[in-house]
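Structure, as structure tokens:
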There are 2 protein chains.
Amino acid sequence: MKLTELKAIKLAELFSALSDASRIRLIALLIDGEMSVRALADGVGMTESAVSHQLRGLRQMHLVRARKSGRQVFYSIDDDHVARLFTLGLDHVQHG
Amino acid sequence: MKLTELKAIKLAELFSALSDASRIRLIALLIDGEMSVRALADGVGMTESAVSHQLRGLRQMHLVRARKSGRQVFYSIDDDHVARLFTLGLDHVQHG
DNA sequence: TGAATATATGAACAAGTATTCATATGTTAC
DNA sequence: GTAACATATGAATACTTGTTCATATATTCA
């Protein structure tokens with residue numbers, strides 16, 4: 001299959017967004033439903049700042065979506081592709 | 001969803017293997033069938049050395065498989081999961 | 001208004017990574 | 001055997017990336 005350089009880069013960027021254990025754990029938590037930054041930080045045992053930085057990247061790649069409510073921001077999985085990539089990858093890791 | 005740290009790391013490593021445009025282009029070529037290192041290098045416009053280094057990583061993650069024939073080594077996609085991850089990701093990039 | 005809370009951001013440093021270059025291994029042909 | 005070829009590998013360098021720390025923005029409550 002021939003791929004334009006631009007598409008190769010876009011695809012690599014998508015997988016890059018999933019290429020860190022912290023981000024994977026954040027996404028794993030979000031699979032069950034939306035969560036606040038604080039709850040995510042507690043869930044993965046990271047500072048809110050580090051989580052916020054990571055969420056920014058995930059947001060820019062359209063992997064997660066933010067919903068503001070009062071002073072909290074709730075994050076959720078943006079798109080069904082994301083959950084499918086996640087579970088397909090998990091499948092490969094488990095039965096690999 | 002709760003994920004052990006080990007599984008999170010494994011999953012991140014899997015996606016890391018797909019997180020580079022050069023490797024994506026290599027895999028895109030291999031989607032159509034096996035190819036030698038030289039053909040891959042020509043196909044993506046990289047040196048054989050650089051390609052060989054990348055293939056090593058892909059091999060270790062069980063994303064590609066090597067078959068030696070004479071002095072050439074032919075690479076192919078190792079597992080159906082890989083092709084599915086690839087096309088699912090491409091789908092997300094195109095209709096994202 | 002001011003204090004407290006929730007999140008975001010910029011800069012800086014440490015750790016990881018892709019490519020290059022030189023060299024090594026293994027294979028075929030002579 | 002030697003020469004030529006195909007691939008692999010180690011070290012070095014340049015580049016990228018994740019986290020921390022300090023600070024900023026925004027919202028609620030008193």
Side-chain angles (χ1 to χ4, degrees), chain A residues 3 5 8-30 33-76 78, chain B residues 3 5-6 8-30 34-76 78:
Chain A
L3 219 53
E5 179 63 10
I9 291 173
K10 287 284 174 197
L11 200 39
E13 283 175 351
L14 168 64
F15 289 120
S16 292
L18 298 168
S19 71
D20 175 80
S22 304
R23 286 193 294 271
I24 287 290
R25 276 152 62 221
L26 289 172
I27 289 179
L29 288 175
L30 292 176
E34 69 175 16
M35 290 177 73
S36 71
V37 175
R38 166 120 288 283
L40 286 167
D42 285 347
V44 299
M46 295 167 63
T47 66
E48 290 165 16
S49 177
V51 168
S52 188
H53 275 294
Q54 297 291 23
L55 289 171
R56 186 193 200 185
L58 292 173
R59 224 186 316 137
Q60 286 174 343
M61 292 309 297
H62 299 104
L63 300 192
V64 302
R65 190 178 343 134
R67 177 179 71 84
K68 195 165 187 176
S69 168
R71 49 187 151 185
Q72 299 184 81
V73 176
F74 291 93
Y75 280 83
S76 56
D78 187 324
Chain B
L3 220 52
E5 180 64 11
L6 181 63
I9 290 173
K10 287 285 176 199
L11 201 37
E13 282 174 353
L14 169 63
F15 289 121
S16 291
L18 299 168
S19 71
D20 176 81
S22 303
R23 286 192 295 271
I24 287 290
R25 275 152 62 221
L26 290 172
I27 289 179
L29 288 174
L30 292 176
E34 70 174 15
M35 291 177 74
S36 72
V37 175
R38 165 117 292 282
L40 286 168
D42 285 346
V44 300
M46 293 166 64
T47 66
E48 289 166 16
S49 176
V51 168
S52 187
H53 275 294
Q54 296 291 20
L55 289 171
R56 185 192 201 188
L58 291 173
R59 224 184 319 133
Q60 285 174 343
M61 292 306 300
H62 300 104
L63 300 191
V64 303
R65 189 177 347 131
R67 177 178 73 84
K68 195 165 186 175
S69 169
R71 49 188 153 187
Q72 299 184 81
V73 177
F74 291 94
Y75 280 84
S76 56
D78 186 323

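Here is the naming used below: chain letters follow the sequence lines, and residue numbers restart at 1 for every chain.
Under 4.0 angstrom from either OP1 or OP2 of C:dT7 there lies no side-chain N or O belonging to A:R59. An OP1 or OP2 oxygen of C:dT5 is reached within less than 4.0 angstrom by no side-chain nitrogen or oxygen of A:R38.
For B:S36, taking side-chain heavy atoms from C-beta onward, the closest of the listed nucleotides C:dA18, D:dT19, D:dT7 is D:dT7. Here the side chain of A:R71 is nearest to one of C:dT19, D:dT27, C:dT7, namely D:dT27. The listed nucleotides are C:dA8, C:dT9, C:dA6; the one nearest the side chain of A:S49 is C:dT9. Proximity note for A:S52 (side chain, C-beta onward) versus C:dG26, D:dA26, C:dA8: the nearest is C:dA8. The side chain of B:T47 has C:dT20 as its nearest neighbour among C:dT19, C:dT20, D:dG18. Closest approach to the B:H53 side chain among C:dT19, C:dA6, D:dC5 is made by C:dT19 (side chain taken as heavy atoms from C-beta onward).
For A:L58, the side-chain contact (heavy atoms from CB on, under 4.5 Å) partners at least two apart in sequence or on another chain are A:A17, A:R23, A:I27, A:L55, A:L63, A:V64. Partners of A:E5 by salt bridge (charged side-chain N to carboxylate O under 4.0 Å, His left out), not counting sequence neighbours, listed by chain and number: B:R25.
When the C1' atom of D:dT17 is taken as reference, atom CE of A:M46 falls 13 Å away, rounded to whole Å. Distance, A:Q60 CD to C:dT9 P: 9 Å, rounded to whole Å. A:E48 has its CD atom 15 Å from the C1' atom of D:dT19, to the nearest Å. In this structure, CE of B:M35 is placed 15 Å from P of D:dA6, rounded to the nearest angstrom. If you measure from atom OH of B:Y75 to atom P of D:dA6, you get 15 Å, rounded to the nearest angstrom. In this structure, the CG atom of A:D20 is 11 Å from the P atom of D:dT17, given to the nearest Å. Going from atom CG of A:L55 over to atom P of D:dG18 covers 13 Å, rounded to whole Å. One can place CZ of A:R56 at 14 Å from P of D:dT25, the figure rounded to the nearest angstrom.
Taking the nucleotide of DNA chain D with the nearest heavy atom to each of A:S69 and A:S22, the more 5' of the two is matched to A:S22.
Contacts of B:F74 with the nucleic acid, taken as non-hydrogen atoms under 4.0 Å apart, are absent. Using a 4.0 Å heavy-atom distance criterion, A:Q72 is classed as a sugar-phosphate-only contact.
In this structure, B:S52 contributes its side chain and B:S49 its backbone to no donor-acceptor pair below 3.5 Å.
Between B:E13 and B:M61 the shortest side-chain heavy-atom distance falls below 4.5 Å.
Shortest non-hydrogen contact noted between B:L30 and B:Y75 is CD2-O, 3.2 Å.
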